[in-house]
Amino acid sequence: QVQLVESGGGSVQSGGSLTLSCVASGDTFSGYCMGWFRQAPGKERERVAIIGSKFSTNYDDSVKGRFTISRDNAKNTLILQMVSLKPEDTAMYYCAAIRPIYCGEPYRLWAEFGSWGQGIQVTVSS
């Protein structure tokens, strides 16, 4: 399995920007579908964006046009660039990896079959 460590979170004002990074180790990063998920207090964990092993991407409607997911296979790194942040983006953000066969599957399969980072807090104030 792959081990994941997130960085780059923090606090910003509404309209601000942050970039999250996730460094992978322990397995062949390029072979995984990667995703960013988030969980706000009192809410279920939700998928934010995913990027396949062949670089196809998919975004939740709430972040389309504001967030960009990318990967650098040479550096075993997953990136989430976030602009025009809103208070409702406040959450713990998690990096996850899963085998490509599960890439487009709902969160419950990522939870069962995926590898997860510890999470990093993003706070957006109004």
Side-chain angles (χ1 to χ4, degrees):
Q1 278 199 342
V2 62
Q3 288 78 50
L4 305 169
V5 178
E6 302 99 336
S7 63
S11 298
V12 295
Q13 291 192 330
S14 182
S17 303
L18 280 174
T19 297
L20 304 183
S21 298
C22 171
V23 177
S25 62
D27 203 348
T28 306
F29 175 75
S30 61
Y32 284 87
C33 176
M34 300 297 298
W36 287 100
F37 293 73
R38 66 186 180 187
Q39 188 167 16
K43 295 188 177 182
E44 294 184 349
R45 194 170 298 188
E46 62 179 6
R47 188 169 66 190
V48 174
I50 60 173
I51 183 166
S53 57
K54 297 182 179 180
F55 299 91
S56 60
T57 59
N58 187 273
Y59 296 89
D60 184 80
D61 286 344
S62 65
V63 306
K64 280 181 181 176
R66 300 188 299 120
F67 290 11
T68 302
I69 189 171
S70 61
R71 65 191 298 164
D72 185 339
N73 288 343
K75 296 182 179 180
N76 291 348
T77 300
L78 177 72
I79 301 291
L80 185 68
Q81 295 175 294
M82 306 183 291
V83 301
S84 301
L85 282 161
K86 305 175 180 179
E88 51 264 42
D89 294 318
T90 295
M92 186 73 79
Y93 282 70
Y94 297 88
C95 169
I98 203 166
R99 292 297 183 188
I101 190 173
Y102 298 110
C103 193
E105 295 298 333
Y107 163 67
R108 61 181 178 83
L109 291 184
W110 282 74
E112 182 173 357
F113 298 111
S115 299
W116 292 83
Q118 292 299 306
I120 193 161
Q121 181 67 38
V122 171
T123 302
V124 184
S125 57
S126 58

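Just so it is clear, the model here is predicted, and its values are computed rather than measured.
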| query | Should the pair Arg99 and Phe113 be classed as cation-pi, given the thresholds of under 6.0 Å to the six-membered ring centre and 45° from the axis? | reply | no
| request: Report yes if the distance between the aromatic ring centroids of Trp116 and Tyr107 is under 6.0 Å, otherwise no. | output: yes
| query | Do the two ring centres, one from Tyr94 and one from Phe37, sit under 6.0 Å apart? | reply | no
| request: Decide, yes or no, whether a salt bridge links Lys86 with Asp89 under the criterion of side-chain N to carboxylate O below 4.0 Å. | output: no
| field | Sidechain-backbone polar pair: Glu6 side chain, Gln118 backbone, donor-acceptor under 3.5 Å | value | yes
Distance from [X] atom [atom1] to [Y] atom [atom2], nearest 0.5 Å?
X: Ile120; Y: Cys95; atom1: CD1; atom2: SG; value: 10.5 Å
X: Leu85; Y: Ser17; atom1: CG; atom2: OG; value: 6.5 Å
X: Ser115; Y: Gln1; atom1: OG; atom2: CD; value: 3.5 Å
X: Glu88; Y: Lys43; atom1: CD; atom2: NZ; value: 8.5 Å
X: Met34; Y: Thr77; atom1: CE; atom2: OG1; value: 9.5 Å
X: Cys103; Y: Asn58; atom1: SG; atom2: CG; value: 8.5 Å

State, to 0.1 Å, how close [X] and [Y] come at their nearest heavy-atom pair, and which atoms those are.
X: Ala91; Y: Gln121; result: O-NE2, 3.4 Å
X: Ala49; Y: Leu80; result: CB-CD1, 4.5 Å
X: Ile69; Y: Tyr59; result: N-OH, 2.9 Å
X: Ile79; Y: Ser21; result: CD1-OG, 3.3 Å
X: Pro87; Y: Ser125; result: CG-C, 4.5 Å
X: Ala40; Y: Thr90; result: CB-O, 3.7 Å

| field | Passing candidate, side-chain contact (heavy atoms from CB on, under 4.5 Å) with Tyr32, options Ile98, Asp27, Leu4 | value | Asp27
Are [X] and [Y] connected in the hydrophobic side-chain network, where two residues link if heavy atoms are under 4.5 Å apart?
X: Val12; Y: Tyr93; value: yes
X: Ile101; Y: Phe55; value: no
X: Phe67; Y: Leu18; value: yes

| message | So, applying side chain to side chain donor-acceptor pair (under 3.5 Å) with Gln39, which one of Glu46, Arg45, Glu44 is it? | response | Arg45
| request: Could you give me the CA-CA distance, side-chain angles and deciding distance for Asn76 and Arg71, then say whether side chain to side chain contact (heavy atoms under 4.5 Å, CB included) is met? | output: CA-CA 8 Å; Asn76 291 348; Arg71 65 191 298 164; over 6 Å; no
| said: One pair to check against side chain to side chain contact (heavy atoms under 4.5 Å, CB included): Val122 and Arg38. What are the steps and the verdict? | reply: CA-CA 9 Å; Val122 171; Arg38 66 186 180 187; over 6 Å; no
| request: Report the C-alpha separation of Trp36 and Asp60 in whole Å, then their side-chain angles, then the decisive distance to 0.1 Å, and conclude whether the side chain to side chain contact (heavy atoms under 4.5 Å, CB included) test is met. | output: CA-CA 10 Å; Trp36 287 100; Asp60 184 80; over 6 Å; no
| query | Would Cys33 and Trp110 satisfy side chain to side chain contact (heavy atoms under 4.5 Å, CB included), going step by step from the backbone distance to the final call? | reply | CA-CA 10 Å; Cys33 176; Trp110 282 74; 3.9 Å; yes
